[in-house]
Amino acid sequence: MEREGEEEEKKKEGSYRYWVREATSDAAPPPLPQKLTNNDVVAPNAPALGSLWNQAGTWEEKNLTKWATDRLKELLGSVGSLQFSSGKAEIVDVNRCVGDAFLVTVRNKKRVGYTYELSLKVQGEWSFEEDMKKVKGSLDIPEFSFGELDDLEVDVKLSDNKELSQQLKQRIRLDLKQFLEPLRLKLGQFEQELKDR
């Protein structure tokens, strides 16, 4: 009976035990607090990159998505119009600009990166058999990321227009693919601005 009473006492005390080694005379003394001076607080050799707290230059990440999205819309909206042999077209709006951008400081080196998807609204006019046809569509870039602008591809989608023949639609698609080079230049400018941040 007494043994059962002891067990219930132990349960009331807690469900586990915490073992502490007794301090002996040969143990190291506990650390003493030290008052910091101004020289300790402000690092004289603070790194040029990253935050003041990250003097060792270890991993530090900064989200640049808002700046990057706004800047991409601004740059791509300024591409303007292109003249073709039988028509002209212009980018009138950035329909979709989704992705993320970041700046990473690691081992005291700055690295930037981004991944985005774009859809640009285009409209224009083409002459076909002495008749002007208005055309609307989009230029879609399904995915692109830092350092991959040479592999950039544009997918051209035209709005449904029953007046356009397949031959004219094919010519318009080929013409609109010429936007690839000015878009690549604007995205190259964006990458450079991102690196300089």
Side-chain angles (χ1 to χ4, degrees), residues 49-50 59-107 109-197:
L49 299 174
W59 185 273
E60 181 179 344
E61 186 171 339
K62 184 176 181 181
N63 187 339
L64 298 175
T65 302
K66 173 149 179 31
W67 173 85
T69 302
D70 293 344
R71 187 64 181 140
L72 277 172
K73 287 179 180 180
E74 183 182 339
L75 285 170
L76 298 173
S78 70
V79 169
S81 63
L82 289 181
Q83 193 74 33
F84 312 110
S85 60
S86 60
K88 65 178 180 176
E90 67 177 332
I91 295 176
V92 292
D93 194 17
V94 179
N95 283 346
R96 179 175 163 81
C97 183
V98 177
D100 60 348
F102 52 87
L103 165 75
V104 174
T105 306
V106 61
R107 294 188 183 147
K109 291 185 181 173
K110 183 168 75 168
R111 299 164 200 243
V112 292
Y114 66 86
T115 302
Y116 268 89
E117 295 176 17
L118 290 173
S119 180
L120 309 168
K121 184 178 177 181
V122 292
Q123 65 184 25
E125 292 182 331
W126 276 261
S127 63
F128 189 68
E129 297 175 357
E130 299 178 17
D131 190 20
M132 290 300 281
K133 304 279 187 187
K134 290 190 182 269
V135 177
K136 292 182 179 179
S138 68
L139 303 173
D140 296 338
I141 303 174
E143 184 178 8
F144 64 101
S145 40
F146 186 81
E148 297 179 359
L149 294 182
D150 291 337
D151 301 329
L152 198 66
E153 291 186 19
V154 173
D155 184 24
V156 178
K157 295 180 182 172
L158 300 177
S159 300
D160 287 335
N161 189 339
K162 306 223 184 313
E163 298 175 13
L164 301 176
S165 67
Q166 284 303 111
Q167 181 185 2
L168 182 56
K169 284 182 181 179
Q170 189 61 29
R171 184 191 307 169
I172 292 169
R173 281 190 188 96
L174 286 174
D175 285 345
L176 289 176
K177 283 198 180 260
Q178 292 180 37
F179 272 104
L180 181 60
E181 202 48 45
L183 289 174
R184 189 178 280 137
L185 288 172
K186 292 292 184 179
L187 293 174
Q189 181 183 343
F190 166 74
E191 277 194 3
Q192 190 57 49
E193 290 179 16
L194 185 63
K195 280 192 240 181
D196 294 341
R197 284 191 67 81

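One-based numbering along the sequence shown. Basis for what follows: all heavy atoms, side chains included, without hydrogens, waters or symmetry-related copies. Keep in mind the model is a prediction, meaning the values are calculated, not measured.
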Residues at least two apart in sequence or cross-chain that pass side-chain contact (heavy atoms from CB on, under 4.5 Å) with R111, listed by chain then number, are V106, K109
One should read off an interatomic distance between I141 CD1 and L187 CG, to the nearest 0.5 angstrom, of 6.0 Å
From the list V154, V135, L158, side chain to side chain contact (heavy atoms under 4.5 Å, CB included) with L176 holds only for L158
Side chain to side chain contact (heavy atoms under 4.5 Å, CB included) between L139 and D155, intermediate numbers included: CA-CA 6 Å; L139 303 173; D155 184 24; over 6 Å; no
Worksheet item: Under 3.5 Å, is there a donor-acceptor pair between the side chain of K133 and the main chain of L164?
Response: no
Checklist entry - When you look at NZ of K169, are more than 12 heavy atoms from neighbouring residues, nucleotides or ligands closer to it than 6.0 Å? => result yes
All N/O donor-acceptor pairs, side-chain side in residues 81-104, below 3.5 Å, sequence neighbours left out:
| unit_1 | atom_1 | unit_2 | atom_2 | d |
| --- | --- | --- | --- | --- |
| S86 | OG | R171 | NH1 | 3.2 |
| R96 | NH2 | E117 | OE1 | 2.8 |

When every non-hydrogen atom of Y116 is compared with those of A68, the smallest separation belongs to OH-CB, 3.5 Å
In this structure, CD of E125 is separated from CD1 of I172 (nearest 0.5 Å) by 11.0 Å
Residues pairing under salt bridge (Lys or Arg N to Asp or Glu O under 4.0 Å) where one sits in residues 174-183, two or more places apart or in two chains, turn out to be E181-R184
Residue pairs passing the salt bridge (Lys or Arg N to Asp or Glu O under 4.0 Å) test with at least one member in residues 137-153, sequence neighbours excluded, are D140-K157
For K136, I'd like to know if atom NZ has over 12 heavy atoms of other residues, nucleotides or ligands within 6.0 Å. no
Residues L76 and K186: closest non-hydrogen pair is CD2-CB, 4.1 Å
Residue pairs passing the salt bridge (Lys or Arg N to Asp or Glu O under 4.0 Å) test with at least one member in residues 65-77, sequence neighbours excluded, are K66-D70, R71-E74, R71-E193
Closest non-hydrogen contact found for L194 with V112 is O-CG1, 3.6 Å
Rounded to the nearest 0.5 angstrom, the NZ-CZ distance for K62 and R197 is 6.0 Å
The reported gap from CD in Q189 to CG in L72 (rounded to nearest 0.5 angstrom) is 10.5 Å
**Prompt:** What's the verdict on side chain to side chain contact (heavy atoms under 4.5 Å, CB included) for M132 and W126, showing C-alpha distance, side-chain angles and the deciding distance?
**Reply:** CA-CA 6 Å; M132 290 300 281; W126 276 261; over 6 Å; no
Sorted by chain and number, sequence neighbours left out, ring pair (Phe, Tyr, Trp, His ring centres under 6.0 Å) with Y114 holds for F144, F190
